[in-house]
Every structure is written in C-alpha cells, then in structure tokens.
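All of these numbers come straight from a predicted model, not from anything done at the bench. Chain identifiers are assigned alphabetically (A, B, ...) following the order of the sequence lines, protein sequences preceding nucleic acid strands; residue numbering begins at 1 within each chain.
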Amino acid sequence: MPDDAPGESSAFARLDPRIQQFLWREGWTELRAAQERAIGPILDTDHDVIIAAATASGKTEAAFLPALTRLLHSREPRLIIYLSPLKALINDQFGRLDRLCEQLELPVWPWHGDISASVKQRFWRNPHGVLLITPESMEAMFCNRGGALAGALARTEILVVDELHAFIGSERGRQLQSLLHRAQALAGRRLPRVGLSATLGDMTLAAEFLRPGEAVQVELIEERSHGAELRVLVKGYLEPKVSATAVGPDDDDEPITPGQIAAHLFGVLRGSNNLVFPNSRREVERYTHLLREHCQAAGIANEFWPHHGSLSREVREDTEFALKRRESGAPAATAICTNTLELGIDIGAVKCVAQIGPAPTVASLRQRLGRSGRRAGEPAILRGYVNEEALDQRSGLASRLRLRTVRLIAQIELMLTGWCEPPAPRGLFLSTLIQQVLSLTVERGGVLAGEAYALLCRGERPAGRADGKPVEGPFGAVSPAVFAKLLRALGAREVLMQDPSGLLLPGRAGERMVNHYSFYAAFADQEEFRVENAGRLLGTLPVDNLLRVDQRILFAGRTWRVIAIEMERKAIEVSAEKGGAPPRFDGGGGRSHRRVHQQMRELLAGNAQPAYLDADARAILAEGRDTYRRLDLDRQWLVRDGSAVHLFTWLGDDANEALALLLAGRGWHADNDGLGVLVELGARDADALAKDVMSLGDATAGDMASALAQSKNLAQSKNLAREKWDGLLDPELLADNFVSRFLDLEAARQWAAEARAAASGSVSSGGVVQ
DNA sequence: GACCTGCTGCGGCATG
C-alpha cells in the first residue's frame with residue numbers, strides 16, 4: 001500500500017480507512033512505537049504477540065486497531081474476545097472502544113457479573129464485534145453455554161488478554177491458560193493470542209505463559225519506558241523506644257514516625273495529584289486520616305483519598321473520580337492506596353509516587369512508579385520513606401541490620417539497573433485442575449479420562465503437525481500417574497463418577513459444586529483464623545501463613561506460641577511466650593526473590609552512598625553496615641541470637657521455607673524469617689545444628705521432595721490446603737502440590753552443600769558467632 | 001505484619 005500522505009507511517013495506512021478517519025478526528029498525530037510495530041503481525045499473521053509497555057501507554061489500541069481492521073475486512077460476522085482481570089478495566093475499555101466501534105458499526109459487549117442478563121441474551125442472538133469478559137464469566141460460558149460458545153468461537157478472529165503479568169503464577173492464571181486452550185479446542189482451530197503486559201524482567205517467560213511449549217514463535221513487542229528523567233529521594237525516620245517499664249502489656253502506644261512522615265507528605269504533595277503506597281490497608285487508613293487532619297488544620301479542602309480492596313465500589317470510585325477530574329481543572333487529589341491502583345485503571349497522570357517502607361517487589365515498585373512522569377518534559381518522581389526503631393540492647397537482628405531501609409534501597413538500585421522479578425509460573429495447580437476437569441465434563445456432557453488428560457495436560461500432536469513433540473496443555477507438569485491419582489481421589493469423594501462406558505461425569509458432590517455460581521472463580525475467598533488466648537479473642541490472621549503447633553508467632557505486638565489449631569472452628573489457640581524482642585525479620589510482605597536478598601547483602605557489605613538518601617537514611621544504613629561487619633556476615637552464616645540461631649542464607653523465600661521444613665524434619669523448630677532461617681536450639685547446641693544443615697547438601701531434590709512429603713512435619717502444618725479445592729486432595733497429592741508451588745528444594749540443597757564446602761576449610765565451629 | 005481479583009440460571013412477581 002502506498003505511503004504518500006506526509007507525516008504518516010505505512011503501518012497507519014494499513015488500518016481500515018474508517019479507523020484512520022476516526023483517529024484523525026480524535027486528533028491523533030502519530031502512532032506510538034508499540035502501536036506501529038503491532039499492526040503488521042496482528043494484521044497479516046496468526047502469530048501470537050505480546051505487547052509490553054507501561055500502564056496506559058496505548059497497548060489496548062496497539063492490539064485493537066489492527067484486530068478491528070481484520071474484522072472489517074471479513075465478509076462474515078467475526079468476533080474479538082478480550083479477557084481482563086478486572087471488571088473496572090472492562091468498564092474503562094468499553095467507554096474507550098464503544099465510541100470507535102459505533103463508527104465502525106460493530107457492537108461492543110461488556111460482560112461480567114454486574115452486566116444485566118438482557119444484554120447477555122442479545123449477544124447470543126448474533127455473537128460478533130468485541131466481547132470484553134472476565135475469566136470467570138468465560139468459565140461460566142463453558143459450563144452453561146457449551147454449544148452456543150462453540151459457535152461464537154468458530155467466528156473468533158483473535159483472543160486478547162489484558163494485564164497478562166497480573167495472571168502469571170496464580171491459580172487464576174492457570175485457569176486463564178486452560179480457558180485459552182479449551183477455546184481453541186472448541187473452535188477446532190488455532191486461535192491467535194495477543195497478550196498486553198507491563199514490561200517484565202524476562203519476557204520469554206511471559207511468552208511461555210501465553211503459548212506453553214511454543215514460546216519461541218511468540219512475537220515480542222516491548223517498549224521500555226525511557227526518556228523520562230527519574231528523580232528519587234529516600235528519607236529515614238527513627239521511632240524512639242518507649243522504656244519497657246512504662247508500658248503495660250495492653251498499651252497500644254501510637255508510633256510517632258507516621259505523624260512525621262505524614263507532615264512531610266502534606267508539605268510536598270498538596271496542590272498536585274500523587275499516589276502514596278503504604279503497603280497495607282491499615283496503614284492506608286492511618287495515613288489518610290493523618291493527611292486529612294493536616295488539610296483541616298490548614299483550612300483547605302481535602303485532597304487525600306483512600307483506595308483499597310476492603311472499601312466499597314462507591315468509595316473507590318470517588319477516589320478514582322477525584323484523581324481523574326484534575327484533568328479538567330478541579331482541585332488536586334492524592335490517593336493513599338494498596339496495589340488496587342497498580343493495575344491499569346484509568347486515573348490520569350500523577351506527579352509523584354510515594355512509597356512508605358519497602359515495596360512488595362521490584363516489579364511492583366516499577367509498576368507504581370510508571371504512573372508518574374507521563375507528561376512530556378516532566379520527570380518521574382519517587383519519594384521513599386522508611387521508619388526504623390531506635391536501637392537498644394533488646395533490639396533484634398532485623399532492626400540492627402536495618403533491613404527495612406536496606407530492602408527499599410536494594411529495590412531502588414535493582415529498579416535503576418532495569419531488573420525486576422521474572423514471573424514464576426511453576427507448580428502443579430491441582431486445585432485448578434480439579435475445577436477444569438469438572439468444567440470439561442459439564443461442557444461436553446461427559447469426557448473420557450484419556451481425552452481429559454490429552455487436552456488439559458499433554459496430548460499427541462494432531463496429524464499433519466508431526467514435529468514429534470506432544471502438545472503441551474496448561475497442566476503439562478502433571479504426569480499420567482498423578483492425574484490418575486487425582487481422578488481416584490475425586491471419585492472417592494463423589495466429585496466425579498464414571499458411567500459404564502468409562503465416561504467421567506460429575507458425581508453427587510461435583511453436581512453441587514458446578515451448580516453454584518461460586519464454581520467459576522479459581523481462587524478462594526479470603527479466609528481468616530480467629531486467634532484466641534484463654535477464651536479471649538486477639539484478632540484474626542489470614543490462613544495463608546504456614547502454621548504449626550509450637551510455632552512462635554508475633555501478634556498484636558506480642559510473641560505467642562501456637563498451642564492448638566482447630567480447623568473446624570477456624571481458630572488458633574495461643575499462649576503467651578516470654579522472652580525478649582521478637583526475633584523476626586521484617587520484609588515488605590509477600591515472597592521475596594533471591595536477587596533482592598543478594599542486593600541487600602551487597603549493600604550491607606559495601607561502602608557506596610546512594611546520592612538519593614537524606615542524612616537520616618544515610619545514618620540508618622551506616623548502622624546496618626556496622627552490624628553486618630561486627631557479625632562478620634561476609635563469612636559467617638550461622639549467628640547466635642539468645643536461645644535461637646539465625647542461618648543467613650540470603651536465599652529467596654521459597655528456598656528458605658524449604659530449608660526450614662527440612663530442618664523441622666530433623667526435629668528442629670525452624671522457620672523462614674526472610675533473609676534466612678531462624679532455628680530455636682532447645683536442648684541441643686549450635687554445632688549439632690551446623691552438622692545437620694551441612695548434611696542436607698547430600699540429598700537430591702527428588703529424594704528431598706518425597707522425604708518431605710512423607711514427613712510428619714508437613715502433615716503437622718495443618719494448613720497446606722491453600723488453594724480453593726485443595727481440600728479434595730488426599731494428603732500425598734496435597735504435599736506434592738504444595739512442594740511444587742511454594743518450595744525451592746534445589747536451592748536449599750545447593751546452599752547446604754556450599755555451606756559444607758566452606759566450613760570444611762576454615763570454620764570448625766560451623767561459623768558460630770555471638 | 002502484605003495485597004488483589006471474581007460469580008449463573010431461573011422462577012416468581014410487578015409493570016407497561
């Protein structure tokens with residue numbers, strides 16, 4: 001096609017004329033680089049494509065402009081299916097797409113739980129145009145409208161997945177992969193997939209997620225955000241210690257550093273739009289309250305708005321609206337939020353992002369910062385705040401190493417080098433496999449075990465595609481033996497039954513599951529344990545904490561020992577534990593990657609002074625380095641701390657948790673504490689522990705996994721069942737599933753082997769320091 | 001002491 005219009009790209013010229021006209025009228029002067037690059041592959045080929053760029057950089061248009069052109073070129077009615085993790089995003093996209101599609105005379109169908117049944121009925125009369133849908137609603141279509149869905153999929157041109165990175169590594173992600181795979185099977189032909197994603201550390205892993213087993217042919221279109229200048233400032237704060245004698249056990253003294261941080265935030269944020277991330281809903285409430293008080297005291301209208309998952313839709317929309325309306329000259333607004341504002345909900349540009357304490361991950365920090373500096377010529381601004389306790393004799397190692405501050409600095413350093421955590425999609429995901437097998441039996445009115453295995457796990461490549469490799473399904477890591485064991489377990493629980501011809505059908509319990517709308521979501525509702533002491537309720541604790549009897553936990557500001565776990569009542573009985581400061585490392589929450597811990601170690605071991613630290617943050621870092629050197633942590637990996645021992649592994653959480661469980665298998669009370677493993681010595685000594693640790697270097701990962709699965713310690717951890725239908729697994733499958741998903745045994749073994757190699761040289765004491 | 005996400009079909013009744 002000729003490119004004769006000045007200032008226009010040849011790619012633009014390839015869009016349907018009606019789309020070109022719309023863009024001219026909208027005042028578009030040029031296409032973004034990713035949009036330009038996406039047009040060819042999506043228009044000409046059935047290749048899969050990943051478009052990776054920062055939030056709201058026009059990724060959706062990059063996918064839809066060529067995809068809609070394809071629709072317009074077809075004489076038959078055709079369909080684009082767009083899958084989104086959020087209802088709010090579907091509503092946003094509907095608003096943006098509907099105006100364009102009206103011009104093109106193509107219907108756009110928003111589809112999720114809040115959309116009325118009448119709209120949905122109209123769609124089925126003539127399924128064409130653009131369908132914007134959640135994975136859960138798609139699952140419901142497979143269950144309830146198998147026949148009609150097959151017709152719609154036969155017309156489907158392309159599958160678009162938004163916020164791909166938000167799916168990777170979760171049950172919901174595995175469900176999505178299964179839905180893409182089943183859609184293709186139902187359509188009877190290959191359906192091209194387009195993933196829209198934030199830039200991830202390793203895009204080939206995202207490609208592997210989008211098209212398992214065939215990642216090499218996925219086209220990667222990555223637009224790294226550069227150009228915008230980045231300004232960083234990290235401020236440190238010290239929380240004074242209240243003297244021990246002045247505090248009764250139930251006193252709940254308000255810390256003073258949040259007030260200081262809020263005062264500074266008020267000074268620098270008022271008058272502009274910003275985002276503040278304090279990491280938890282409780283802290284969101286705390287800072288919102290403090291900042292609103294500042295507005296009142298200053299006699300100005302409120303500029304600070306909360307946003308998190310426990311707030312109602314209406315309250316959250318108020319906040320989103322306050323941020324958006326700034327564009328039209330309304331008063332400034334700053335949202336204090338959790339990661340609810342990390343995904344692509346449209347809130348306009350913000351001036352500055354404030355991070356209080358370490359971020360959960362480097363990837364998340366990068367996502368958050370991507371909201372700032374979006375207007376040409378404006379810098380992206382990150383303001384970090386960290387508070388630490390003043391040190392005294394009772395301070396724990398985490399405080400003395402200043403890990404909160406060190407973690408945030410390490411995250412910033414890694415972000416500046418361009419690194420972030422790669423997605424970690426490993427795991428059997430047997431809970432989600434249960435859902436998909438059941439859903440498949442309903443979709444097809446019964447399915448043979450072999451068919452189900454071939455579709456969901458691994459099957460022969462159809463004739464004509466004889467490259468020797470089997471087709472990899474979404475549950476490719478599940479072996480035939482594990483699948484058979486799973487079917488037997490489901491049969492025993494009447495989730496599945498087999499008719500005389502061998503056809504698998506829902507059993508009595510399975511019928512109940514699939515006939516309730518709660519079946520469609522792959523992830524479980526948040527469950528909480530009541531935490532009780534002598535009949536008194538202390539509060540609630542999320543179930544996704546690995547708990548076992550005798551474990552020490554920190555709760556309501558005190559240290560407790562778990563006495564009993566009552567699964568039926570969802571209650572934990574604890575008794576007060578005497579002893580000094582709680583021996584707990586404090587992270588940003590969530591699971592931490594090994595690279596972050598290594599960066600923290602490099603920071604502690606080194607002398608470099610990042611230019612973005614204020615004087616107090618520099619002093620705090622210096623204290624951490626002082627502790628690191630006094631403990632000789634460059635060489636020592638085993639450090640006494642009162643009656644306990646810290647094993648400094650500097651591994652990721654998956655490996656630390658594996659190591660802790662392996663040591664528990666040898667009779668030690670061991671827990672992952674972030675940077676390593678905390679072990680209580682009890683009657684034994686540190687040399688015995690060092691010997692046990694080093695002996696762990698011998699086992700193969702396979703040996704260790706089965707040993708671990710058999711060990712009574714794993715059975716003692718009564719809440720291995722963390723995924724929605726884990727309760728239907730027998731103990732062996734449950735342990736396999738848990739190990740596959742949450743433990744890195746090989747890294748733990750390697751560390752133990754290295755510790756032994758190092759010790760055989762110089763450290764006869766096993767590296768004991770006090 | 002993280003955080004987040006999602007949900008059908010149908011019967012019964014009232015209203016236009």
Rounded to whole Å, please give me the gap between [atom1] in [X] and [atom2] in [N].
| X | N | atom1 | atom2 | answer |
| --- | --- | --- | --- | --- |
| A:Phe167 | B:dC3 | CZ | P | 22 Å |
| A:Ile133 | B:dT5 | CD1 | C1' | 15 Å |
| A:Asp162 | B:dT5 | CG | C1' | 14 Å |
| A:Leu343 | B:dT5 | CG | P | 9 Å |
| A:Gln175 | B:dC4 | CD | C1' | 15 Å |
| A:Lys87 | B:dC4 | NZ | C1' | 13 Å |

Item checked: salt bridge (charged side-chain N to carboxylate O under 4.0 Å, His left out) partners for A:Glu317, two or more places apart -> A:Arg313
Margin query: Can you pull out every salt bridge (charged side-chain N to carboxylate O under 4.0 Å, His left out) where at least one residue sits in residues 159-172 of chain A? Sequence neighbours excluded, please.
Written below: A:Glu136-A:Arg172, A:Glu171-A:Arg741
Note to self: Please determine whether a side-chain nitrogen of the Lys or Arg among A:Arg404 and A:Glu389 lies less than 4.0 Å from a carboxylate oxygen of the Asp or Glu.
What the structure shows: no
Item checked: Ionic contact status for A:Asp654 with A:Arg426, cut-off 4.0 Å ->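 Answer for the salt bridge query: yes.
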Contact class for [X] (heavy atom, under 4.0 Å): base, sugar-phosphate, or nothing?
| X | result |
| --- | --- |
| A:His112 | sugar-phosphate |
| A:Ser280 | sugar-phosphate |
| A:Ser364 | nothing |

Check: Would you say the base of B:dG1 and the side-chain of A:Asn279 have a donor-acceptor pair closer than 3.5 Å?
Finding: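 Checked by distance alone, the answer is no.
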Looking at [options], which one has an atom nearest to any side-chain atom of [X]?
| X | options | result |
| --- | --- | --- |
| A:Arg404 | B:dC4, B:dG6, B:dG1 | B:dG1 |
| A:Asn339 | B:dC3, B:dG1, B:dT5 | B:dC3 |
| A:Arg316 | B:dC4, B:dG6, B:dT5 | B:dT5 |
| A:Ser518 | B:dG1, B:dC4, B:dC7 | B:dC7 |

Notebook entry, point to check: So, do A:Trp725 and A:Phe519 have ring centers that fall under 6.0 Å from each other?
Noted result: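 Judged by ring-centre distance (under 6.0 Å), A:Trp725 and A:Phe519 do meet the cut-off.
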Restricting both atoms to N or O, compile the protein contacts to nucleotides 9-16 of chain B shorter than 3.5 Å, with distance only.
none

Margin query: How long is the straight-line distance from CD of A:Gln436 back to OG1 of A:Thr441, given to the nearest 0.5 Å?
Written below: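 A:Thr441 atom OG1 to A:Gln436 atom CD measures 11.0 Å (nearest 0.5 Å).
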Checklist line | Side-chain H-bond candidate by donor/acceptor type, A:Gln355 with A:Asn279, under 3.5 Å | finding: yes
Checklist line | Base of B:dT5 and ring of A:Phe523 stacked, centres under 5.5 Å, planes under 30° | finding: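 Stack criterion met.
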